[in-house]
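Beneath this line is the structure, given in structure tokens, with notes to follow.
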Amino acid sequence: MTGSLVWFDAVMGLSLVGIAAGTLLAKQHFQSTVMFIFFGLIMAIAWCRLEAVDVALAEAAIGSGLTGALLLNTLAAVRRHHAQSPEDHSRDRRSKDSRNVAAASPVATGNSRRLTGLLIGAFSTIAAVTLVPVVIPLATAGNLRGITSVDLLPASGVDNPVTAVLLNFRAYDTLLEVAVLLAAVFAVLPVTQFASGLEKTPPLGPVLATFIKLLVPLATIVATYVLWVGTKAPGGAFQAAAILAAVAVLLILAGATPPNCALRRWRMLLTMGPFVFLIAAVEGVFAGRNFLEYRLQWAGVTITIIEVALTASIALILTMLFSCTLPTNSESVIDSPGATGPTARSNTNP
């Protein structure tokens, strides 16, 4: 059995390398996106083989699932953007002509691409060679164990080492990750349209409608369980938020109205997680402790409150990022056959 698992791990490792290369070298964006999703699923299995179930859940739900859906939606949005009206095509003809002049010299273009590839390869080689003398002594050292998160679990307030690391021992990293996600939403909001301009989806068939009705309550229960069990077993805020965001994406695809950040309740929910996290971090400073150092007797309760708030905010962040690339009524009018330039423009600004 052990020998078969070794062969399985070897084949899986080689497959990851091959899929990663195929993702980067694919000629079509759609093929690259599908291979990226497949890479995330295989990577989740690899994390399970390494007994990192928390990372496997996050990889499958966020790295492959929601990120894959976001990439596919973005690819569709890019294609809709390129399908412009006749007036836009005539207006952009001059810029296309200038690009055609540059493309008339394929030798120069090929040489520039070759030079860029060589520079990237040289930089990667130098970085790898530089890291080898640092990594090999660490891997062969005999005193690597030291103090681990398992040794400090009684002081963390939780029983899951991963949760202890993410929300106690290295809470700085988690706080910055949430801040990056929040900044991403604020960056895309000014250039996107939400509920008021979304194209109406066609009615669902009976099979798909029944499937969503059965799946949404079940997925919500699973997300609640994953959140609650995260302090004792694999799970937590990011995994539960990814499941809730997947439920929201299903509902949006079924015709539900996406969240609109213009409404106060959505803005409050969007910032609730980082705000609660900061309150817990600053409380330690005012109480004479360090930043992000919780009270020992209240550490478990504090981490649970932070995870509940983060779950709601991260789920909304992921949902809004997905909603940013949904088709709008103006795009559907422009892309519809037989629509003239003036008609398309009159419908763009209702």
Looking only at heavy atoms, the pair that brings Leu292 and Tyr172 closest together is CD1-N, 3.7 Å
In terms of heavy-atom contacts, Thr231 and Glu307 come closest through CG2-OE1, 4.1 Å
- Item | Within 6.0 Å of CD in Gln297, more than 12 heavy atoms from elsewhere | yes
Side chains of Val11 and Ser15 in contact at under 4.5 Å (non-hydrogen atoms): yes
Within the structure provided, determine whether Thr311 and Leu244 are in side-chain contact (heavy-atom separation under 4.5 Å). yes
Pair Thr23-Phe38, side chain to side chain contact (heavy atoms under 4.5 Å, CB included): steps then yes or no: CA-CA 10 Å; Thr23 303; Phe38 187 55; over 6 Å; no
* Verify the cluster assignment for Ile305 and Leu278: are they in a single hydrophobic cluster under the rule of side-chain heavy atoms below 4.5 Å apart? => yes
Side-chain touch Asn168/Val158, heavy atoms, less than 4.5 angstrom = no
*Does Asp159 reach the main-chain N or O of Lys232 with its side chain, forming a donor-acceptor pair under 3.5 Å?*
no
One should read off an interatomic distance between Ile19 CD1 and Leu24 CG, to the nearest 0.5 angstrom, of 12.0 Å
Distance col, row Gln239:CD vs Leu227:CG, nearest 0.5 angstrom, shows 10.0 Å
Counting only heavy atoms from other residues, nucleotides and ligands, does the tally under 6.0 Å from CZ of Phe211 exceed 12? no
One should read off an interatomic distance between Leu182 CG and Ile314 CD1, to the nearest 0.5 angstrom, of 10.5 Å
Connected via hydrophobic side-chain network under 4.5 Å: Met272 and Leu181 | yes
Rounded to the nearest 0.5 Å, the OG1 atom of Thr74 sits from the NE2 atom of His29 at a distance of 12.0 Å
Query raised in the report: Hey, is OH on Tyr225 packed in by over 12 heavy atoms from elsewhere, all under 6.0 Å?
Result: no
Practice task
Report yes if the side chains of Thr271 and Phe186 come closer than 4.5 Å at any heavy-atom pair, otherwise no.
Solution key: yes
Heavy atoms of Thr319 and Ala248 approach each other most closely as OG1-CB, 3.5 Å
Are side-chain heavy atoms of Leu153 and Ser156 found at a separation under 4.5 Å?
yes
Starting from the C-alpha separation in whole Å, work towards a yes-or-no answer on side chain to side chain contact (heavy atoms under 4.5 Å, CB included) for Phe277 and Thr174. CA-CA 10 Å; Phe277 210 157; Thr174 306; 3.9 Å; yes
Here the gap from Ser64 atom OG to Ile37 atom CD1, rounded to the nearest 0.5 Å, amounts to 6.0 Å
Contact check, side chains of Leu270 and Trp266, non-hydrogen atoms, under 4.5 Å:
no
Nearest heavy-atom approach of Leu318 to Ala245 is CB-CB, 3.7 Å
Same cluster for Phe8 and Met43 if Ile/Leu/Val/Met/Phe/Trp/Tyr side chains link at under 4.5 Å? yes
- Task: List the steps, then state whether side chain to side chain contact (heavy atoms under 4.5 Å, CB included) holds for Val285 with Glu293.
- Result: CA-CA 8 Å; Val285 177; Glu293 182 181 354; over 6 Å; no
Exercise. Do other residues, nucleotides or ligands put more than 12 heavy atoms under 6.0 Å from Arg267 CZ?
Worked result: yes
| same_hphob_cluster(Val53, Ile45) at 4.5 Å side-chain heavy-atom cutoff | no
- Query: Are Glu283 and Tyr294 close enough, and set up right, to give a side chain to side chain contact (heavy atoms under 4.5 Å, CB included), and what steps lead you there?
  - Reply: CA-CA 8 Å; Glu283 187 272 336; Tyr294 314 130; over 6 Å; no
| query | More than 12 heavy atoms of other residues, nucleotides or ligands under 6.0 Å from CE of Met268: is that the case? | reply | no
Notebook entry, point to check: So do Leu119 and Phe123 actually touch side chain to side chain, heavy atoms under 4.5 Å?
Noted result: no
Nearest heavy-atom approach of Leu296 to Pro154 is CD1-O, 4.4 Å
_Assigning hydrophobic clusters by single linkage (Ile, Leu, Val, Met, Phe, Trp, Tyr; side-chain heavy-atom cutoff under 4.5 Å), is Leu66 placed with Leu316?_
yes
CD1 (Ile306) and CG (Leu166) are apart, to the nearest 0.5 Å, by 12.0 Å
Test item: Asp54 side-chain N/O and Val162 main-chain N/O as donor-acceptor pair under 3.5 Å: no
Shortest non-hydrogen pair, Ala287 vs Arg295, comes out as CB-NH2, 3.9 Å
Quick one: does Leu310's side chain get under 4.5 Å of Val276's, heavy atoms only? no
